[in-house]
There are 2 protein chains.
Amino acid sequence: MKSVDKHNKIIVSATKVFAKKGFFNARISDIAKEAKVADGTIYLYFNNKFDILISVLEEEIGKIIDQIEKAIEQETDPVKMMTIFIEKHLSAMKQNKNLAEVIHIELRQSDRLVKEYRNTSFKQYIDVISTIIKKGQEAGIYRTDILPDIAKRAFFGALDEVSRIWTTPGNVKYTVEETSEQIIALFLSGMQTTT
Amino acid sequence: MKSVDKHNKIIVSATKVFAKKGFFNARISDIAKEAKVADGTIYLYFNNKFDILISVLEEEIGKIIDQIEKAIEQETDPVKMMTIFIEKHLSAMKQNKNLAEVIHIELRQSDRLVKEYRNTSFKQYIDVISTIIKKGQEAGIYRTDILPDIAKRAFFGALDEVSRIWTTPGNVKYTVEETSEQIIALFLSGMQTTT
DNA sequence: AAGAAGTGAATGACTATTCATTCATCTACC
DNA sequence: GGTAGATGAATGAATAGTCATTCACTTCTT
């Protein structure tokens, strides 16, 4: 029987290899070697190289989305929801640096399939943000002149770029906590002093 | 004599092809056809395929950096500096969609050379932001608990992701002006209502 | 022993790069 | 001012290397 174990081992190995070399420079034989299976075995579990990439994104990001959505469901305060989103996202990225790198690099592919992907699971992800914003606006906590459609992008972009701190060497000095606080400060209160 | 004209024609064509297909899926023959030259001619102007990509980034982003730096030099008010940065960046991206797409996609390559590139010209670009923040902090206009090193990333990430509005189809409805205003509102005043 | 799972060498498609050749333009000499 | 020779930009067919995918064969499991 094809084992779930092996499937996972290939996913994890592929994540590692994609993170290091990028999708196009990663060879199937690299992934096979990393996973300690034969090249051909990969094709028992995945249709083709691209299928591996999409699976990495689907399964691994899927886990994070689920986790964040579950944590936010419990909350009613839009400020806390936002805080949770930021903290969960950043700590997930810091914890799984390979995945973070794959997201940085590969979510930007111009390939049709990746674009499609970006339009489904990814969209779901950033729409969590606009939902939070809308709730906050209804509650009178967030300004109504903020357009959730633009703010959600700004927000995700900021988080994504900031999380590079942990994937580019020499920038390790910031903790998840202080980074989260910075993002919260920036987006909730803004940069200007309140005089 | 090798003409500057032809060099430019190749750069522009390459930008177009890279934007459409991404670096790895772009064939030299695609670029040659787009530029209406022979495949071999490309190698009279560039060392290899990668050299073309780096040249696109260097030359085209270089132009934007120069333009922004020049515009900001005139200013002393940190709020206006910030506003100018945002507006110039967004309008440059909206104007040159091919370049915007190449930046979205290719600036994330994990290739050594691209990473190196990201560490020079790109660094210079986002350091313009931290400089503005520091000036604002010295002037007492920006909060001093904001870390410029983190804020600059958040800021660039937000701008970059927001500018995708114009490269992904079906999102054309926002103007540069209203998008700029949103970003300014978000980063300067924050999302919370001031009650 | 049969069927499933695993193997990895062989295949074949793809394309970046090269280079022998062409040809338009320029220079020098009468 | 016209001709012969020199120059080097431009061409595109041929090369050479890479690697995803296949499949004939082996090993494991029940």
Side-chain angles (χ1 to χ4, degrees), chain A residues 1-58 102 105-106 109-117, chain B residues 1-59 102 105-106 109-114 116-117:
Chain A
M1 195 200 45
K2 286 194 251 178
S3 78
V4 177
D5 235 48
K6 203 154 281 182
H7 175 101
N8 269 337
K9 212 158 94 184
I10 295 170
I11 288 275
V12 172
S13 303
T15 308
K16 205 177 285 180
V17 176
F18 288 155
K20 193 169 168 195
K21 302 193 158 192
F23 177 74
F24 288 101
N25 288 320
R27 275 166 295 163
I28 291 292
S29 57
D30 293 335
I31 299 171
K33 192 186 276 177
E34 180 74 38
K36 287 178 185 138
V37 299
D39 294 13
T41 305
I42 306 243
Y43 288 88
L44 296 175
Y45 291 87
F46 299 92
N47 296 325
N48 52 47
K49 193 181 169 188
F50 221 92
D51 188 31
I52 306 174
L53 175 62
I54 296 296
S55 301
V56 165
L57 294 174
E58 278 294 339
V102 175
I105 298 170
E106 303 307 337
Q109 277 314 325
S110 63
D111 190 286
R112 208 194 87 248
L113 281 175
V114 175
K115 276 198 170 156
E116 259 164 38
Y117 172 74
Chain B
M1 195 199 50
K2 288 196 249 177
S3 78
V4 177
D5 233 51
K6 203 153 278 183
H7 175 100
N8 269 337
K9 210 157 96 183
I10 295 171
I11 288 275
V12 171
S13 303
T15 307
K16 206 178 283 180
V17 175
F18 288 156
K20 192 170 169 194
K21 303 194 157 189
F23 177 75
F24 289 101
N25 287 321
R27 276 167 295 164
I28 291 291
S29 58
D30 293 334
I31 299 171
K33 192 185 277 177
E34 179 74 38
K36 289 182 184 133
V37 297
D39 294 14
T41 306
I42 306 243
Y43 290 89
L44 296 175
Y45 292 88
F46 300 92
N47 297 325
N48 51 48
K49 193 180 169 187
F50 221 91
D51 188 31
I52 306 173
L53 175 62
I54 297 295
S55 300
V56 165
L57 294 174
E58 277 293 338
E59 295 178 26
V102 174
I105 299 169
E106 302 307 336
Q109 279 311 326
S110 63
D111 190 286
R112 208 193 89 248
L113 280 175
V114 175
E116 259 165 37
Y117 172 75

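Chain naming here is simple, since letters A, B, ... match the order of the sequence lines and numbering starts at 1 in each.
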Which residue pairs satisfy the salt bridge (charged side-chain N to carboxylate O under 4.0 Å, His left out) criterion with at least one member in residues 37-47 of chain A, sequence neighbours excluded? none
Once salt bridge (charged side-chain N to carboxylate O under 4.0 Å, His left out) is applied, do any residues pair with B/Lys21, and if so which ones, sequence neighbours excluded? B/Asp30
A/Ile31 CD1 to C/dG8 P: how many Å, rounded? 17 Å
B/Ile10 atom CD1 is separated from D/dA10 atom C1', nearest whole Å, by 11 Å
Could you go over nucleotides 17-19 of chain C and give all protein N or O partners under 3.5 Å, atom names and distances?
residue	atom	partner	partner atom	Å
C/dT17	OP2	B/Tyr43	OH	2.7
C/dT17	OP2	B/Lys49	N	2.9
C/dT17	O5'	B/Tyr43	OH	3.4

Residues in salt bridge (charged side-chain N to carboxylate O under 4.0 Å, His left out) contact with B/Lys16, at least two apart in sequence or another chain: B/Glu34
Expressed as a whole number of angstroms, how long is the span from A/Phe46:CZ to D/dA20:C1'? 16 Å
With B/Phe23 via side chain to side chain contact (heavy atoms under 4.5 Å, CB included) - residues at least two apart: B/Phe18, B/Lys49, B/Phe50, B/Leu53, B/Glu106
Spacing between B/Tyr45 atom OH and D/dA9 atom C1', to the nearest angstrom: 7 Å
In this structure, how many angstroms lie between the C1' atom of D/dG8 and the NZ atom of B/Lys6, rounded? 13 Å
Distance in angstrom units between A/Leu44 CG and C/dA4 P, rounded: 12 Å
Contacts of A/Lys9 that satisfy salt bridge (charged side-chain N to carboxylate O under 4.0 Å, His left out) - sequence neighbours left out: none
With sequence neighbours left out, what residues match B/Asp51 under side chain to side chain contact (heavy atoms under 4.5 Å, CB included)? B/Phe46, B/Asn47, B/Asn48, B/Ser55
Contact check, residues 11-27 of chain A vs DNA chain D, heavy-atom distance under 4.0 Å, returns A/Ala26, A/Arg27
Can you check whether A/Tyr45 reaches A/Ile52 side chain to side chain, under 4.5 Å on heavy atoms? no
Please give, in whole Å, the distance from C/dA5 C1' to A/Ile42 CD1? 14 Å
Using the side chain to side chain contact (heavy atoms under 4.5 Å, CB included) criterion, which residues pair with B/Ile105? Sequence neighbours excluded. A/Ser110, B/Glu101
